[in-house]
Amino acid sequence: MSTCDIGLIGLAVMGENLVLNMESRGFHVAVFNRTTSVVEAFEASRGKGKNFVFAKTLPDFVAALKRPRKAQIMVKAGAPVDAVIEQLIPLLEPGDIIIDGGNSLWTDTQRREKYLKEKGLHFFGVGVSGGEEGALKGPSIMPGGSKQGWEALAPIYTKIAAVAEGEPCCRHMGPDGAGHYVKMAHNGIEYGDMQLICEAYAILKAALNPSADEFAEIFGEWNKGKLDSFLIDITTKIFSRKDPETGKAIVDLVLDKAGQKGTGKWTVGHAVEMGVPLSVIGSAVEARILSSLKDERVAASAVLPGPTAKPFTGDRAKLIEAVRDALYASKIISYAQGMVQLGAASKLYNWNLNFGDIASIWRGGCIIRARFLNRITDAYRSNPDLKNLILDPFFRDTLLETQANWRSAVTTAIEYGVAVPAFSSALSYFDSYRQANLPANLLQAQRDYFGAHTYERIDKPRGEFFHFDWLNP
Ligand code: NBP
């Protein structure tokens with residue numbers, strides 16, 4: 001009997017929680033997993049007594065789906081997605097929809113969409129954010145694919161998504177790879193946010209050396225104001241958790257060696273390819289790489305001393321406020337850069353992305369959810385053609401109000417020899433973007449000197465190019 005509204009293949013952490021979410025909202029869902037014992041285990045545990053079809057074979061899974069069939073793949077990104085698609089193709093009919101809800105590379109999604117279109121099938125690349133808990137209770141969902149396919153999927157995805165300010169955190173992003181690209185940019189921004197929080201921690205630690213409990217208090221206070229966000233909230237909680245074995249703060253026992261799965265590198269790589277500065281996220285990716293060189297750093301620390309630590313004699317509360325402002329200002333720059341990247345990709349691929357929609361669906365369910373996304377939503381809804389977020393009146397005024405504290409926090413970091421690549425690259429972006437004149441006149445002269453690359457002159461019309469005979473002036 002074909003009674004299921006949707007089916008999902010891949011019952012790992014994300015898939016299992018997503019189908020429970022779908023079922024809890026009244027959808028009849030078919031489930032399948034390559035290792036079928038996983039389906040049996042799900043049937044006996046969390047799926048027990050619920051409105052699922054527990055399929056033991058792919059043909060049974062497909063047979064359970066209402067037409068047009070909607071089959072969502074939730075497996076490891078890369079070759080496994082192609083493998084499942086190939087197995088589904090002979091079982092489906094024109095008009096059916098295959099959805100990939102994993103973290104796939106957007107160019108893979110574009111390739112798959114084109115390939116399946118030739119077979120009369122719709123393909124959707126859907127970014128899902130919020131981890132395990134979001135998947136279960138309501139994630140932020142970023143779907144990309146045809147308008148026609150979206151009409152069939154919208155009733156399901158808008159119902160299982162998180163809700164923020166009365167709106168579902170799910171909107172059609174655009175065709176082919178748009179959803180996966182926006183999800184990738186989201187992950188890049190997540191990298192930036194996490195690094196910025198770590199830099200705030202590093203400055204305060206070097207200058208004031210608060211205990212983990214004091215850090216929990218500082219971040220808890222920040223979370224009540226303009227920095228109110230999921231990541232500040234979990235950071236507060238992290239500082240207050242104790243290791244049962246030693247009684248020490250667990251954060252002080254965690255090895256300082258960061259991992260990464262790759263979406264940050266994809267984000268930065270494509271920004272560079274398009275000629276978009278993405279320095280905050282770039283710094284965050286590099287900081288993770290540097291942190292992973294633990295043994296090299298330990299050896300270097302013995303031979304490369306920094307400035308001698310001096311006791312902090314200033315006003316503790318003022319420094320905490322300065323660091324908070326630096327974090328907020330740098331976060332604004334990171335989002336501004338991320339939005340410029342999305343704008344460039346939208347142009348490149350003709351996606352017609354709506355930045356107000358993007359900011360609005362990040363307000364709930366996802367890892368970067370934060371109060372200030374309301375402001376970004378407002379900024380783009382009142383001016384969809386905004387060139388750069390930092391030119392929006394609210395963000396411009398905020399940066400102008402916080403810049404003295406921002407500079408003071410970065411100065412303190414430099415005095416203490418604390419690396420703050422994301423804080424300082426954000427400030428450098430601000431200081432470059434707001435300058436009518438940069439030292440690139442000298443750079444152009446250098447290029448012309450060694451490579452006869454020519455230059456424009458400030459006293460002649462733009463578009464006229466000159467070469468100077470530097471060797472025989
Ligand atoms: P994993 O990324 O760990 O993938 C495990 C699933 O993939 C299992 O169901 C496994 O089946 C299946 N699978 C593999 Br591996 N190779 C397969 C193949 N060749 N054919 C069929 N199935 C195959 O699961 P996850 O952590 O739930 O993530 C799923 C997707 O969602 C990924 O793309 C991930 O990047 C994305 N995502 C994850 C999170 C998160 O917080 N974890 C958040 C947002 C997005 P088996 O049981 O037979 O091995």
Side-chain angles (χ1 to χ4, degrees), residues 7-22 29-43 45-47 52 54-62 71-89 91 98-109 112 123-144 157 160-162 169-170 177 179-191 194 230-231 234 259-267 361-362 364-369:
L8 186 139
I9 300 161
L11 287 181
V13 185
M14 289 300 283
E16 196 173 289
N17 285 294
L18 265 181
V19 294
L20 286 166
N21 178 356
M22 289 169 177
V29 187
V31 295
F32 177 72
N33 193 79
R34 175 182 62 172
T35 307
T36 47
S37 58
V38 172
V39 181
E40 281 155 21
F42 179 66
E43 182 172 5
S45 56
R46 299 176 82 194
F52 290 110
F54 302 96
K56 305 294 176 330
T57 67
L58 210 49
D60 285 353
F61 168 85
V62 171
Q72 175 164 350
I73 303 169
M74 208 65 202
V75 304
K76 204 174 154 73
V81 176
D82 289 309
V84 178
I85 289 174
E86 285 307 322
Q87 290 158 29
L88 277 172
I89 289 171
L91 303 172
I98 298 180
I99 304 126
D100 171 18
N103 277 339
S104 293
L105 185 64
W106 82 99
T107 46
D108 282 345
T109 305
R112 291 169 183 145
F123 182 67
F124 259 75
V126 177
V128 179
S129 176
E132 187 178 341
E133 200 192 349
L136 181 65
K137 297 184 180 162
S140 171
I141 306 180
M142 295 148 255
Y157 287 128
I160 64 163
C169 295
C170 172
H180 274 145
Y181 196 95
V182 172
K183 172 66 188 351
M184 177 193 74
H186 160 284
N187 283 21
I189 286 173
E190 180 184 312
Y191 272 61
M194 292 168 77
F230 171 74
L231 282 169
I234 65 161
Q260 54 186 321
K261 279 193 173 166
T263 40
K265 288 185 200 167
W266 291 351
T267 315
I361 64 167
W362 288 346
C366 63
I367 306 296
I368 64 170
R369 61 185 182 264

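One-based numbering, in listed order, for ligands and for the atoms of each. Every heavy atom of this structure was used, including side-chain atoms; hydrogens, water molecules and symmetry mates were not.
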Task: Heteroatom distance test (Lys183, ligand 1): nitrogen or oxygen, under 3.5 angstrom - done: no
TODO: Verify whether one side chain among Lys183 and Asn103 offers a donor that lies under 3.5 Å from an acceptor in the other.
DONE: yes
Open item on the list: Would Met14 count as a polar contact of ligand 1, with the cut-off being nitrogen or oxygen pairs under 3.5 Å?
Closed with: yes
- [ ] Using a 4.5 Å cut-off on heavy atoms from C-beta on, say whether the side chain of Pro143 contacts that of Cys170.
- [x] yes
Open item on the list: If we ignore hydrogens and angles and just use 3.5 Å, is the side chain of Arg369 paired with the main-chain N or O of Cys366 as donor and acceptor?
Closed with: yes
Open item on the list: Please list the nearest protein heavy atom to atom 24 (O) of ligand 1 with its residue and the distance rounded to 0.1 Å.
Closed with: Ala12 CB, 3.4 Å
- [ ] Looking only at protein heavy atoms, identify the closest one to atom 21 (C) of ligand 1 and say how far it is in Å.
- [x] Val84 CG2, 3.5 Å
- [ ] Applying side chain to side chain contact (heavy atoms under 4.5 Å, CB included), run through Leu88 and Ile9 and close with a yes or a no.
- [x] CA-CA 10 Å; Leu88 277 172; Ile9 300 161; 3.9 Å; yes
TODO: State whether any protein heavy atom lies less than 4.0 Å from atom 3 (O) of ligand 1.
DONE: no
Task: Residue, atom name and distance, where the atom is the protein heavy atom closest to atom 31 (O) of ligand 1 - done: Met74 CE, 3.5 Å
- [ ] May I ask you to identify the nearest protein heavy atom to atom 9 (O) of ligand 1, giving residue, atom name and distance to one decimal place in Å?
- [x] Asn33 OD1, 2.8 Å
Task: Top protein contact for atom 41 (O) of ligand 1, by heavy-atom distance - done: Gly131 CA, 3.5 Å
Task: More than 12 heavy atoms from other groups under 6.0 Å of NZ on Lys76 - done: no
Task: Polar atom proximity, Pro80 to ligand 1 (N or O, under 3.5 Å) - done: no
- [ ] Examine Asn103 against ligand 1 and note whether any of their N/O atoms are separated by less than 3.5 Å.
- [x] yes
Task: Steps toward salt bridge (charged side-chain N to carboxylate O under 4.0 Å, His left out) verdict (Glu132, Lys137) - done: CA-CA 9 Å; Glu132 187 178 341; Lys137 297 184 180 162; over 6 Å; no
Open item on the list: Looking only at protein heavy atoms, which one is nearest to atom 14 (C) of ligand 1, and what is the separation?
Closed with: Arg34 NH2, 3.6 Å
Open item on the list: Within ligand 1, which atoms have a heavy atom of Gly10 less than 4.0 Å away?
Closed with: 9 (O)
- [ ] Please say whether Glu132 places an N or O atom under 3.5 Å from an N or O atom belonging to ligand 1.
- [x] no
- [ ] Would you kindly specify which portion of Val128 sits under 4.0 Å from ligand 1, judged on non-hydrogen atoms: side chain, backbone, both or neither?
- [x] backbone
Task: Ring geometry between Tyr181 and Trp106 (parallel below 30°, tilted from 30 to 60°, perpendicular above 60°) - done: perpendicular
Open item on the list: Does either side chain, that of His180 or that of Ser104, offer a donor lying less than 3.5 Å from an acceptor on the other one?
Closed with: no
Task: Asn21 side chain vs Ile160 backbone, donor-acceptor pair below 3.5 Å - done: yes
Open item on the list: Heavy atom to atom 48 (O) of ligand 1, shortest distance: which of Thr35, Val75, Leu8 holds it?
Closed with: Thr35
Task: Lys76 neighbourhood, listing ligand 1 atoms whose heavy-atom distance to it stays under 4.0 Å - done: 2 (O), 4 (O), 7 (O), 15 (Br)
Open item on the list: Please work out, at 4.0 Å between heavy atoms, whether the side chain, the backbone, both, or neither of Leu11 comes within that distance of ligand 1.
Closed with: backbone
Task: ligand 1 atoms in contact with Ala77 (distance to a heavy atom under 4.0 Å) - done: 33 (O)
TODO: Examine Phe32 together with Phe54 and report whether their ring centres are nearer than 6.0 Å.
DONE: no
Open item on the list: With a 4.5 Å cut-off on side-chain heavy atoms, are Phe124 and Gln72 touching?
Closed with: no
